[in-house]
Asks: 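Dropping the structure in here first, questions after.
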Amino acid sequence: MNFEIKYKDARARIGTFSTKHGKITTPTLMPVIHPKKQTIKVKDYGAKMVITNSYIINKDEELKQKALTEGVHELIDFPGVIATDSGSFQLSVYGDIDITNKEVIQFQEAIGTDIGTSLDIPTPPYVRREQAENELNTTIARAHEAIETREHMLLNSVVQGSTFTDLRTMCAEDIGSMNFDIFPIGAVVPLMEQYKYADLVDVVMSSMKGLPESKPRHLMGAGHPMVFALAVAMGCDLFDSAAYILYANNNRLMMPTGTLRLENLIEMPCSCEVCTKYTPEDLLEMEHDQRAKLLAIHNLHISFAEIRQIKQAIKDGTLMNLVEERCASHPFLLDGLRRLKEYNEDMELLNPSSKESAFFYTGPESLNRPEIYHHQKRLNNLNFEDNDKLIILPHSRKPYGKHIIRESLHNKKDEKLNKTVFFSKDYNPGSDWSNADIIIADVPFGIIPLELDEFYPLAQNESPSIHDMNAIKFVQDSLKKFSKNYEEILIHKGIIDRFYKEDETDFLGVSSDIILPTGKIDDFKRLNMVADYQFGTGSGKAIFGDDPEKLEIEKSKKTKKIRSIKEDDEIVVNMRANDGFLILSDIGAKRLHKHSPSPKNRVIINGEVAEFARKGKSVFSKFVLDADSDIRKNDEILIVDQDDTLLSYGKSLLSSKEMLEFNIGSAVKTRKPKNEL
Ligand code: GUN
Ligand code: ZN
């Protein structure tokens, strides 16, 4: 399987793979084609790939002969990519079928399917563990047999294990290590029919844990567009839909936010060709078959539109906004999203560290996004031990430093400031606050050291000014944890107003005559903090040294933001304008390399391609031998060989887990060193 990632967001990816019948871009939807009853040409509505059932073809003598002589593409009159299912579903309904796994594989091969499926056992949710284990053993044994039997076609192997998350992971690891091409996640239809979305999230995420990143995954039987965004965010690439026709047969219209009954409609709900041409009355007056066909066409349009919208959101880095929007449309979908919180770490593992779009807070669920977890983790890189004084300020316009300092600290003559009351714990009137650590407390990132106020997404986010209780609690908890490190604390009254009832706070004492620092952010301190946050503890000192006098800091005339840092006329690092990341240069890379022990900040590549990296050519995943497990897409990284010789540096295009698992595609966009390092 030649699966390659183009764009990423959360665990979602836009990927491509090729087959004998064309190239597919995922995520995509495969309409289910009934080999005998199909009346709609799904290709006309956006289908590049379909799925049909080899068991039904095999059972019908006429279909079977035609498929064997002319091929399945001719049989169902679809020139694109065809996947076939095996009869497992029939097996699960009828309990027994009269064809063996081996025969099913051979038959799919004989009719020329592009992607075949072995005869897995779809163990339903909530069965006894013993049943799940026994059936799983059969499924895995059949997977082995399928690999041995397969000749040319691509092959699915379905993850089973019922609702036992450990069995799902075990099955996924087992078949994931074998040479299959696509991994469907099976037996989830009952969960979706019963709206058990929290359990669906458990099943999908525990399956993902064991599956390789380098192959597409198919959420089997998921055909309702309202689950697509959530499923894609978890890493699902393919969907199949018989629902578009089943719903249509029942006068039901699919929408990305749920299902509508035609009988209840006074207006048609969308702008597709059906909804703009007919009224609900027109449709209700038609013969069943004509109406069902038109509703199926609406359902297909809606489903493909949702897939397109999801793809755009992945590209923009706004997929979780869409997921939150979709999951808000049904309480049980919201359960699914809330359950996803338990998988914070797995979600963050593949999430890019910088995105094109701002982080928009849409409600309490946004607190569970990977960016928040990532920020909490990276805060641990910072060293706050040297200081025993802390000033906590409320938010302002972003970047905070530019506005806060001027508004509430610097200009002591400001009317507003004279009215401001600061609370302090163990406040000592004689204290000098000029070197205190300053943080902003805000939704949704909790605490933001002032020096990080330009770093993505701490500057690139918006949240409502009227806070919900979860957000308030989150800020309170963050402050409580963080302020433990300090002896003396000043809190701006704005924080108390915003996040506490006066009798709730631990911060005692009121004062209006505190002498405040002049409050300009020190450039040197900023650079040190950003480097530690981005590259790990002590990186700032390693890159910038002890002596601020040695550095020339160049700022943008327009924005006053730092652009580059030079030493003896040579660039040490640049600071990227859109996300505040430090971008390495020869000197910066060499110092970071010397400071951080392998594999920290490194992508370790095969020495045979060392020259390509030195010349600034992209690093392909297949040459990556190891990588720092903390690397995410868009991080700045060092490129070294097995002996830890620094070859070059660049921007990662994948998370480290993906670099290690992919054998095609680029892993790092290399920056060409000026001189040999
Ligand atoms: N279609 C829906 N669920 C399943 C499943 O678990 N296995 C197979 N083979 N097909 C399915
Ligand atoms: Zn419509």
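Both backbone and side-chain heavy atoms feed into the values below; hydrogens, waters and symmetry mates do not. Both counts, for ligands and for their atoms, begin at 1 and track the order of listing.
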Asks: Exactly one of His374, Arg632, Lys633, Glu371 should register a side-chain hydrogen bond (donor to acceptor under 3.5 Å, both in side chains) with Asn351. Which one does?
Replies: Glu371
Asks: Is it true that a side-chain atom of Arg217 and a backbone atom of Gly235 form a donor plus acceptor pair closer than 3.5 Å?
Replies: yes
Asks: In sequence, state the C-alpha distance, the side-chain angles, and the governing distance for Asp181 and Arg150, and then conclude on salt bridge (charged side-chain N to carboxylate O under 4.0 Å, His left out).
Replies: CA-CA 12 Å; Asp181 302 285; Arg150 176 254 304 260; 2.9 Å; yes
Asks: Between His224 and Thr259, is there a side-chain donor-acceptor contact under 3.5 Å, judged purely by atom types and distance?
Replies: yes
Asks: Please confirm whether the backbone N or O of Ser18 pairs with a side-chain atom of Asn2, one donor and one acceptor, at under 3.5 Å?
Replies: yes
Asks: At distances under 2.8 Å, what protein N, O or S atoms surround the Zn ion (ligand 2)?
Replies: Cys270 SG, Cys272 SG, Cys275 SG, His298 ND1
Asks: Phe239 and Phe228: aromatic ring centres closer than 6.0 Å?
Replies: yes
Asks: More than 12 foreign heavy atoms under 6.0 Å from CD of Glu287: is that the case here?
Replies: no
Asks: Is it true that Tyr361 and Phe359 have ring centroids separated by less than 6.0 Å?
Replies: no
Asks: For Lys341 and Glu365, run side-chain contact (heavy atoms from CB on, under 4.5 Å): C-alpha distance rounded to whole Å, both residues' side-chain angles, the deciding distance at 0.1 Å, then the answer.
Replies: CA-CA 9 Å; Lys341 180 185 163 129; Glu365 275 66 38; over 6 Å; no
Asks: Identify all N/O pairs between ligand 1 and the protein with a separation under 3.5 Å and present them as a table of atom names and distances.
Replies:
residue, atom, partner, partner atom, Å
ligand 1, 6 (O), Gln160, NE2, 2.9
ligand 1, 6 (O), Ala187, N, 2.8
ligand 1, 7 (N), Asp120, OD2, 2.8
ligand 1, 9 (N), Asp85, OD1, 2.8
ligand 1, 9 (N), Ser88, OG, 3.3
ligand 1, 9 (N), Asp120, OD1, 2.8
ligand 1, 10 (N), Asp85, OD1, 3.4
ligand 1, 10 (N), Asp85, OD2, 2.6

